[in-house]
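In what follows, chains carry the letters A, B, and so on, assigned in the order in which the sequence lines appear, proteins first and then strands, with residues in each chain numbered from 1.
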Amino acid sequence: MLKMSTLFLRTLRDDPADAEVASHRLLVRAGYIRRIAAGIYSWLPLGVITLRNVENVIRQEMDKAGFQEVHFPALLPREAYEATNRWEEYGPSLFRLQDRKGADYLLGPTHEEMFTLMVKGEYSSYKDLPLSIYQIQTKYRDEARPRSGIIRGREFVMKDSYSFDIDEAGLEISYQKHRHAYVSCFNRLGMKYNIVKAVSGAMGGSKSEEFLAPCSTGEDTYVLCPKCGFAANVEAMVTKVSAGDASATPALEVLNTPNTPTIDSLVDFMNAQFGGEYTAADTLKNIMLMADGKPLAVLVPGDREVDLKRLQENLGGVHELRVFEEADFAQHPTLVKGYIGPQDAAKSGIKVLADPRVAPGTSWISGANKKDHHARYVVNGRDFTPDAYVEAAEVRAGDSCPECNTEIIIDRAIEIGHIFQLGRKYAEALSLTVLDHNGKSQVVTMGSYGIGVSRAVAAIAEQTSDEIGLNWPAEIAPAKVHIVATGKEDLPFDTALEIGQKLETAGISVMLDDRRDASAGVKFKDAELIGNPIIVVVGKALAEGKVEVRVRKSGDKSEVVVADAVSIIAKLLV
RNA sequence: CGGGGCGUAGCGUAGUGGCUAGCGCGCCUGCUUUGGGAGCAGGAGAUCGGGAGUUCGAAUCUCCCCGCCCCGACCA
């Protein structure tokens with residue numbers, strides 16, 4: 001039983017000045033965490049209990065799925081990360097250090113290498129597979145910008161699992177098992193979440209989904225179809241556009257359009273000239289980019305920006321992507337800034353990619369590759385042909401769902417889990433092979449699966465807290481019942497203790513506010529701030545042999561006779 | 001890394017060249033109080049983020065450094 005009279009806890013009456021998001025503010029105020037440095041927090045007793053509760057839910061679900069827990073050090077030697085090139089690739093986000101002999105070490109940002117080597121060290125036959133192992137470990141990433149308290153820290157707790165299979169079919173099964181285990185975890189944790197299609201990005205591999213907890217303070221943006229439930233990371237959003245019919249479109253016409261280097265100025269000019277109803281959406285934006293030092297033209301409708309992050313993810317394998325700078329234009333004198341069109345791309349030898357919205361058969365106003373000139377009736381497939389199509393334009397609310405055509409909405413969320421079909425990248429780099437049934441050596445195929453454990457604490461706080469404090473689901477609250485004893489007589493305190501003991505005997509965890517010197521108001525405020533699901537007040541009603549039972553979430557209150565308290569509380573918690 | 005803001009006691013803050021750095025919460029002592037962050041009285045607690053400078057005099061002005069928060073870039 002947690003007794004407030006001795007609990008190592010000091011709640012704060014004021015919001016901390018350096019916290020903005022609810023989870024950060026309340027976890028500090030309620031005495032769960034304290035900041036040590038940017039993105040680095042210590043956990044006080046209430047915080048530790050809550051974190052452990054989340055860990056245990058995850059651990060139980062992992063074990064139930066047949067995954068086995070192992071544990072690695074956070075402090076790791078450089079070699080393994082050298083083999084996969086991540087010592088370099090991870091860049092400044094990797095915490096590196098040296099031992100007394102000058103040997104390089106790192107604080108593990110994620111453990112693919114170590115798990116791969118662990119399996120390599122023990123197993124060498126296909127008969128040993130499939131295998132899934134996991135750990136709950138402190139990870140270190142020197143984030144460029146830690147933020148929102150515990151949501152993005154530089155030190156954080158993560159549950160990471162890895163699956164090992166002989167072939168793709170096995171990987172798919174392991175992946176689905178993890179997916180199911182994750183669903184069970186997050187359901188038990190009482191979280192709202194969406195499973196969202198993602199692009200695998202830097203991790204390599206093919207299939208990948210994210211578990212996103214919707215929340216206004218989240219840093220991830222995703223699209224959601226309100227009708228069919230389709231959900232995707234904006235990077236993974238697919239644009240479905242049918243081909244246009246250009247058979248009746250007049251021949252390409254070059255126009256003198258003085259001083260129209262921007263889309264706005266061009267639209268104004270066209271409308272003034274032709275009295276038409278031209279909009280930015282009728283123009284073709286030809287954006288010049290540098291992809292790892294090579295020029296690249298990307299076509300998007302004039303009313304949309306290029307989403308560089310989305311484009312880069314969909315290009316795959318491009319490390320540095322940026323827009324053309326003056327120096328780049330100087331290198332390519334045939335490109336007339338503000339008046340570029342795809343019509344002459346073949347001559348310049350620059351690769352032209354088009355967003356799917358620039359569909360075959362569609363007609364556009366585009367640059368004429370000549371200062372102060374544009375062209376209209378520029379038809380894709382007739383007047384130019386893109387080398388390839390790639391998702392490049394920004395995604396907007398109201399765009400069409402690729403599954404059912406309904407207008408999608410855009411929402412923010414915290415990423416709480418991510419599951420990947422990694423494939424053979426790490427197994428290959430570290431030579432993790434097993435013999436197949438023919439005695440032939442096969443590279444193992446892997447999956448990697450993460451849950452941000454400490455982040456989940458924050459995400460749950462974000463989703464459940466209200467104006468007056470935290471408000472935990474029963475499974476992870478520091479205690480299921482918070483008993484407040486009021487008054488100055490011994491009776492309420494003795495009764496409160498008795499009820500607490502009976503609850504604990506019944507397997508229900510209890511926090512007891514047995515402080516003699518604190519006023520009732522202080523105790524109520526603290527109980528609400530701390531956020532245990534049931535609050536029992538032992539005080540005034542005792543005159544009639546009753547105690548008050550409050551449900552933190554709903555605010556419902558009822559008075560029950562002391563003898564029935566335990567059974568009634570037990571029912572409320574089911 | 002770019003932009004913005006901030007740094008005064010455990011927490012929240014006032015103080016823009018001049019007396020002993022002020023207030024609230026919290027903490028300690030005593031008395032009163034005890035169902036919605038109690039009252040009175042007394043008390044402890046601050047190298048004003050650090051350093052250098054300007055000045056008779058610096059929390060306050062100047063320069064350098066450090067740290068923190070927010071937006072963006074980045075981010076398994």
Side-chain angles (χ1 to χ4, degrees), chain A residues 9-21 24-25 28-29 31 34-40 86 89-94 108-113 115 137 139-149 151-154 156 158-162 198-205 208 210-211 217 219-220 235 308-309 312-313 319-323 415-420 422 425-426 447-452 455 468-469 484-489 492-493 513 515-529 535 537-543 547-548 550 557 559:
Chain A
L9 169 72
R10 191 102 306 155
T11 57
L12 305 175
R13 190 183 292 230
D14 299 307
D15 281 334
D18 61 358
E20 289 204 353
V21 302
H24 187 197
R25 236 175 45 227
V28 171
R29 261 193 71 198
R34 292 287 181 257
R35 192 181 63 74
I36 295 297
I40 304 176
R86 287 214 286 188
E89 258 175 27
Y90 234 99
S93 297
L94 192 64
T110 170
H111 282 72
E112 278 79 8
E113 285 82 353
F115 273 80
Q137 234 288 3
K139 306 289 189 198
Y140 297 86
R141 291 180 197 171
D142 194 359
E143 296 283 351
R145 181 151 97 84
R147 73 181 96 186
S148 309
I151 292 175
R152 174 170 296 280
R154 294 193 292 170
F156 57 98
M158 173 160 119
K159 187 287 305 176
D160 48 327
S161 324
Y162 304 85
V199 186
S200 307
M203 290 293 291
S208 154
E210 290 174 357
F211 288 71
T217 50
E219 43 183 0
D220 287 29
E235 286 80 40
L308 279 180
K309 190 176 170 190
Q312 185 166 0
E313 292 281 5
H319 293 291
E320 197 214 344
L321 188 67
R322 59 171 176 81
V323 295
E415 181 185 346
I416 46 169
H418 201 157
I419 53 179
F420 278 101
L422 266 186
K425 174 176 172 181
Y426 294 91
S448 105
Y449 316 89
I451 294 178
R455 178 181 283 183
I468 58 174
V484 174
T486 67
K488 52 184 170 181
E489 310 299 328
F493 286 84
D513 198 338
R515 290 176 294 179
R516 291 281 188 156
D517 50 356
S519 71
V522 168
K523 294 179 184 178
F524 294 150
K525 292 285 186 200
D526 275 348
E528 285 150 0
L529 218 208
I535 298 171
V537 183
V538 184
K540 271 186 174 169
L542 215 47
V547 294
E548 186 180 322
R550 303 179 182 179
K557 299 179 186 182
E559 292 195 344

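- In the model, A/Asp142 has no side-chain atom that pairs as donor or acceptor with a side-chain atom of A/Tyr140 under 3.5 Å.
- Residue contacts for A/Thr486: at a heavy-atom cut-off of 4.0 Å it reaches a base atom on one of the strands shown.
- Rounded to whole Å, the distance from NZ on A/Lys309 to P on B/A73 is 8 Å.
- Backbone-only contact: A/Gly487 has heavy atoms under 4.0 Å from sugar-phosphate atoms and none from a base.
- Nucleotides B/U55 and B/G42, compared at atom C1', are 40 Å apart to the nearest Å.
- Using a 4.0 Å heavy-atom criterion, one finds that A/Thr217 contacts no nucleic acid atom at all.
- At a threshold of 4.0 angstrom between heavy atoms, the contacts of A/Pro109 with the nucleic acid are absent.
- A heavy-atom distance below 4.5 Å is found between the side chains of A/Arg141 and A/Pro109.
- Checking B/A38, B/C70, B/C11 against the side-chain heavy atoms of A/Leu12 singles out B/C11 as nearest.
- In this structure, A/Asp15 places its CG atom 21 Å from P of B/G24, rounding to the nearest Å.
- Here the separation of B/A21 from B/G45, taken at their C1' atoms, is 14 Å to the nearest Å.
- Looking at the side chain of A/Arg145, the nearest of the listed nucleotides B/C68, B/A73, B/G35 is B/A73.
- Summarising the geometry, atom OG belonging to A/Ser448 is positioned 8.0 Å from atom NE2 belonging to A/His418; distances are rounded to the nearest 0.5 Å.
- Counting non-hydrogen atoms under 4.0 angstrom, A/Ala518 reaches a base of the nucleic acid.
- B/G72: Watson-Crick or G-U partner is B/C1, with both key distances under 3.5 Å.
- The side chain of A/Ala17 has B/U13 as its nearest neighbour among B/U34, B/U13, B/G35.
- Atom NE2 of A/His24 and atom CZ of A/Arg147 lie 14.0 Å apart (nearest 0.5 Å).
- Nucleotides B/G2 and B/U20 have their P atoms positioned 43 Å apart, rounded to a whole Å.
- Remark: B/A21 base-pairs with no nucleotide in the shown strands. Criterion, Watson-Crick or G-U wobble with two distances under 3.5 Å.
- In a base pair of the Watson-Crick type (N1 to N3 plus N6-O4 or O6-N4) or a G-U wobble (N1-O2 and O6-N3), with each distance short of 3.5 Å, B/G7 is matched with B/C66.
- Put simply, the side chain of A/Ile535 does not reach to within 4.5 Å of the side chain of A/Phe524, judged on heavy atoms.
- Using a 4.0 Å heavy-atom criterion, one finds that A/Arg25 contacts no nucleic acid atom at all.
- For the P atoms, the distance linking B/C70 with B/U13 amounts to 15 Å, nearest Å.
- Of the candidate nucleotides B/C71, B/U34, B/G36, B/U34 has the atom nearest to the side chain of A/Lys488.
- In this model, the phosphate group of B/U34 is not approached by any side-chain N or O of A/Ser519 to a distance below 4.0 Å at OP1 or OP2.
- Nucleotide B/A38: paired with B/U32 (Watson-Crick or G-U wobble, both distances less than 3.5 Å).
- Between the CG atom of A/Leu321 and the P atom of B/C74 there is a distance of 10 Å, rounded to whole Å.
- To the nearest whole angstrom, the two P atoms, one in B/C48 and one in B/A73, are 40 Å apart.
- Remark: the separation of the C1' atoms in B/A9 and B/G49 is 14 Å, to the nearest Å.
- Of the P atoms belonging to B/C11 and B/G50, the separation is 15 Å, rounded to the nearest Å.
- Taken to the nearest 0.5 Å, the CG atom of A/Leu12 stands 5.0 Å off from the CZ atom of A/Arg34.
- If you check B/C27 for Watson-Crick or wobble pairing at under 3.5 angstrom, you find it paired to B/G43.
- Per the geometry, CZ belonging to A/Arg154 stands 14 Å off C1' belonging to B/C75, to the nearest Å.
- Between A/Asp517 and A/Gly450, the residue anchored closer to the 5' end of RNA chain B is A/Asp517, taking for each the nucleotide with the nearest heavy atom.
- The pair A/Arg515-A/Asp513 counts as a salt bridge, with a side-chain nitrogen and a carboxylate oxygen less than 4.0 angstrom apart.
- Distance CD (A/Glu528) to C1' (B/G36): 8 Å, rounded to an integer number of Å.
- Here B/C11 presents its C1' atom at 14 Å from CG of A/Leu9, a figure rounded to the nearest Å.
- Side-chain proximity of A/Ala144 to the nucleotides B/G26, B/G36, B/A73 is greatest for B/A73.
- Here A/Glu548 lies in heavy-atom contact (under 4.0 Å) with a base.
- Using Watson-Crick or G-U wobble geometry with both donor-acceptor distances under 3.5 Å, B/A59 finds no partner in any strand shown.
- Looking at heavy-atom distances under 4.0 Å, A/Val484 makes no contact with the nucleic acid at all.
- In this structure, CZ of A/Arg152 is placed 15 Å from C1' of B/C70, rounded to the nearest angstrom.
- Looking only at side-chain heavy atoms (C-beta outward), A/Phe156 and A/Arg455 stay at 4.5 Å or farther from each other.
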- request: Could you check A/Glu112 against A/Lys425 for salt bridge (charged side-chain N to carboxylate O under 4.0 Å, His left out), going step by step and ending with a plain yes or no?
  value: CA-CA 10 Å; A/Glu112 278 79 8; A/Lys425 174 176 172 181; over 6 Å; no
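- A/Phe156 comes within 4.0 angstrom of no nucleic acid atom, judged by non-hydrogen atoms across all strands.
- For A/Arg10, the listed nucleotide lying nearest its side chain is B/G26; candidates were B/G36, B/A73, B/G26.
- Taking only distance into account, the side chain of A/Arg35 never meets the base of B/G10 through a donor-acceptor pair shorter than 3.5 Å.
- Rounded to an integer number of Å, the gap from A/Asp220 CG to B/G72 P is 12 Å.
- Close to B/C70, at under 4.0 Å from its OP1 or OP2, lies no side-chain N or O of A/Arg147.
- In the set B/C68, B/C74, B/G12, B/G12 carries the atom at the smallest distance from any side-chain atom of A/Asp14.
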